[in-house]
Amino acid sequence: MLNVTSPWALILSLLTAIVSISYYNNNPSAPEIRSPHCASWNAWYNPLRSGQVGYQANDWNILYHLGGNGPWIEKIDELETPGLEPPKGCVIDQVHMHFASGFFGLDWAKTEKAALEIIPETLERGADTLTPGDTCPKYIEDPAKGHDNGVNMLALFQDVYIPAIAERLINDENNSALGYLTNLEVYGMQEMCGFETLSRGSSPWCDIFTHDDWENFEYARDLIHYYRAGPGNPYAGAMGWLWLNATTGLLRSGPEAGTIVHDGDIAPLVTAMDILKDPKYDPFLPTTHRVEDRVWRTSSVMPMGGRIVFERLTCPTSSAKDPSGEEAFLRVNINDKIVPLPYCKSGPGLSCPLKEFVDHVERRRSEVGDFGEVCGLEKDVGYITFLRQG
């Protein structure tokens with residue numbers, strides 16, 4: 001029987017998850033919660049707890065659908081991908097490693113190792129922003145195709161798959177005393193499974209849903225990002241191009257610079273890069289049913305802690321005129337997997353010659369549109385000025 005008496009149970013479960021983080025992470029002997037419904041679900045594990053093995057590659061793994069601590073699971077069939085090691089003779093300019101190794105040290109302000117620059121998330125910033133969703137008036141105000149389009153499309157698909165789940169939980173699980181469960185309540189239960197699995201290694205909420213339920217939840221999450229800031233949103237490409245262009249400028253200037261951006265910018269960035277282009281469905285991913293052959297799968301690209309790293313490679317040239325010369329290349333590391341750019345992979349290890357990537361970024365500006373024009377800004381919107389070298 002489903003042990004849920006009211007929506008307050010969701011809040012209580014969330015509080016329990018927060019309190020239990022410390023216990024489960026600091027107690028290797030904490031009890032393991034196993035599923036009585038599906039043997040492969042028992043492959044869940046908390047990587048912070050010793051003595052537990054990871055999932056089996058041929059098992060159906062819930063982290064595949066929730067994102068989070070799960071390993072990358074390739075979603076695009078027959079895609080040739082190189083390993084993480086740089087191509088022979090190439091060197092990765094790992095600026096981000098230096099940043100992550102210490103955030104400049106605790107005395108960065110006194111020693112002037114770094115300067116703090118505060119960037120407001122206000123409308124007047126125009127294109128000189130890390131939050132273009134807050135400086136694009138049309139994106140904010142357009143009720144049909146703007147920011148809210150994501151939750152609107154999500155709601156349509158929730159109407160398709162959730163009522164059957166709610167009926168099963170009420171009738172088949174002998175919970176008639178609850179009366180009914182709304183789409184929001186059932187969807188919240190699925191979200192709680194994800195949050196608790198991240199913090200505790202498992203969650204009792206996960207046990208009440210089937211394999212097909214999780215496939216639908218994954219698709220629902222794809223829809224909200226697809227239509228909020230992905231290929232299904234007409235403003236996304238122009239918004240993502242701002243950071244893509246600024247970062248490309250740094251890559252051109254040399255290996256000494258690096259940038260970091262909020263994870264909320266990943267969907268617009270991926271859209272601007274055109275790396276997950278879907279010729280079959282773009283820009284209309286169905287909301288009436290789940291499509292298995294889609295390219296847009298955010299559980300691979302935007303899990304909890306998701307990241308995209310642009311790696312600048314310095315490789316020896318193959319030119320007979322300059323056999324001792326070097327050339328710059330680029331490759332994209334998405335959650336510790338090198339993903340070749342579909343439109344540019346002629347370099348070592350399927351990398352992209354940097355000059356060709358620069359040309360592609362310029363072409364994408366004309367394809368996604370000028371930020372000021374797309375967003376309905378009449379004044380000069382400028383460009384990102386705070387991402388600079390030196």
Side-chain angles (χ1 to χ4, degrees), residues 121 123 125-150 153 222-252 259 261-285 294-298 301-302 308 310 330 332 334 339-345 352 354-387:
E121 299 180 359
L123 185 64
R125 296 289 302 189
D128 192 13
T129 180
L130 280 176
T131 53
D134 294 327
T135 63
C136 181
K138 281 190 174 181
Y139 176 71
I140 298 171
E141 300 167 0
D142 187 345
K145 297 295 184 180
H147 174 274
D148 293 344
N149 194 30
M153 294 299 172
D222 288 347
L223 285 174
I224 190 172
H225 290 296
Y226 184 87
Y227 285 105
R228 173 185 285 172
N233 189 292
Y235 305 99
M239 294 191 300
W241 188 86
L242 299 178
W243 187 83
L244 175 63
N245 180 59
T247 301
T248 301
L250 290 176
L251 291 168
R252 292 180 65 184
T259 66
V261 73
H262 189 269
D263 60 354
D265 291 305
I266 291 181
L269 170 65
V270 169
T271 304
M273 290 178 63
D274 208 22
I275 195 173
L276 294 180
K277 187 174 183 178
D278 192 334
K280 182 175 182 178
Y281 294 110
D282 285 348
F284 302 108
L285 201 58
R294 66 192 183 279
V295 175
W296 183 263
R297 290 182 181 264
T298 54
V301 182
M302 294 184 292
I308 297 180
F310 292 91
L330 175 92
V332 180
I334 302 181
V339 179
L341 300 175
Y343 43 81
C344 182
K345 48 187 176 181
C352 176
L354 184 56
K355 58 184 178 181
E356 292 186 23
F357 183 74
V358 171
D359 292 341
H360 173 75
V361 172
E362 286 298 322
R363 287 195 301 271
R364 285 297 288 164
R365 182 178 186 178
S366 62
E367 294 171 357
V368 301
D370 176 77
F371 181 79
E373 295 177 3
V374 170
C375 294
L377 296 169
E378 297 180 358
K379 64 175 184 178
D380 180 12
V381 298
Y383 56 93
I384 292 180
T385 60
F386 47 84
L387 296 183

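Just so you know, residue 1 is the first one in the sequence shown, and it goes up from there.
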Would you name the heavy atoms of Pro340 and Lys345 that are closest together and state the gap between them? CB-CD, 4.1 Å
Between Asn233 (side chain) and Arg228 (backbone), is there a donor-acceptor pair under 3.5 Å? yes
Check Val295 against Leu276 and note the closest heavy-atom contact, atom names and distance. CG1-O, 3.6 Å
Less than 4.5 Å apart, any side-chain heavy atom of Met273 and any of Val332? yes
Heavy-atom pair with the smallest gap, counting every atom of Trp296 and Pro231: CZ3-CD, 3.5 Å
Nearest-0.5 Å distance that lies between atom CG in Leu330 and atom OG1 in Thr248: 8.0 Å
Can you list the steps and then say if Lys145 with Asp142 is a salt bridge (charged side-chain N to carboxylate O under 4.0 Å, His left out)? CA-CA 6 Å; Lys145 297 295 184 180; Asp142 187 345; over 6 Å; no
May I ask you to decide if Gly133's main-chain N or O and Thr131's side chain share a donor-acceptor pair within less than 3.5 Å? no
Taking everything shown except Arg252 itself, do over 12 heavy atoms lie less than 6.0 Å from its CZ? no
For Tyr383, what residues pass the side chain to side chain donor-acceptor pair (under 3.5 Å) criterion, not counting sequence neighbours? none
Please lay out, stage by stage, how Arg294 and Asp222 fare under the test side chain to side chain contact (heavy atoms under 4.5 Å, CB included). CA-CA 10 Å; Arg294 66 192 183 279; Asp222 288 347; 2.9 Å; yes
Main-chain N/O of Trp243 paired to Thr247 side chain as donor or acceptor, under 3.5 Å: yes
Across all chains, not counting sequence neighbours, the side chain to side chain donor-acceptor pair (under 3.5 Å) partners of Lys379 are none
Side chain Trp241, main chain Val361, donor-acceptor under 3.5 Å: yes
Pair Ile384, Asn245 - check side chain to side chain contact (heavy atoms under 4.5 Å, CB included), show working. CA-CA 9 Å; Ile384 292 180; Asn245 180 59; over 6 Å; no
Can you name the closest pair of heavy atoms from Ala238 and Phe371 and give their distance? O-CD1, 3.8 Å
Sequence-distant partners of Tyr343, ring-ring contact (aromatic ring centres under 6.0 Å, His included), two or more places apart: His360
Mark yes or no for whether Ser366, through its side chain, and Arg363, through its backbone, hold a donor-acceptor pair below 3.5 Å. yes
For the residue pair Asp282 and Tyr226, confirm or rule out a side-chain donor-acceptor distance under 3.5 Å. yes
Return yes when atom CZ of Phe386 has more than 12 non-hydrogen atoms of other residues, nucleotides or ligands closer than 6.0 Å, and no otherwise. yes
A side-chain contact here means heavy atoms from C-beta on lying under 4.5 Å apart; do Phe310 and Leu244 qualify? yes
Nearest-0.5 Å distance that lies between atom CG in Leu123 and atom SG in Cys375: 9.5 Å
Approximate separation, where rounding is to 0.5 Å, of Asp274 CG and Glu367 CD: 6.5 Å
CD1 of Ile334 to CE of Met302, rounded to nearest 0.5 Å, is 10.5 Å
Determine the minimum heavy-atom distance between Ala272 and Gly240, stating which atoms define it. CB-C, 3.6 Å
Rounded distance (nearest 0.5 Å) linking atom CD of Glu356 with atom CG of Leu341: 10.5 Å
Under the side chain to side chain contact (heavy atoms under 4.5 Å, CB included) rule, what do Ile266 and Ile308 come out as? Steps first, then yes or no, please. CA-CA 8 Å; Ile266 291 181; Ile308 297 180; 3.8 Å; yes
Shortest non-hydrogen pair, Thr135 vs Leu377, comes out as O-CD1, 3.7 Å
Asp359 side, atom CG; Arg364 side, atom CZ - distance, nearest 0.5 Å: 14.5 Å
The test is side chain to side chain contact (heavy atoms under 4.5 Å, CB included); show your working for His147 and Ile140 and say whether it passes. CA-CA 6 Å; His147 174 274; Ile140 298 171; over 6 Å; no
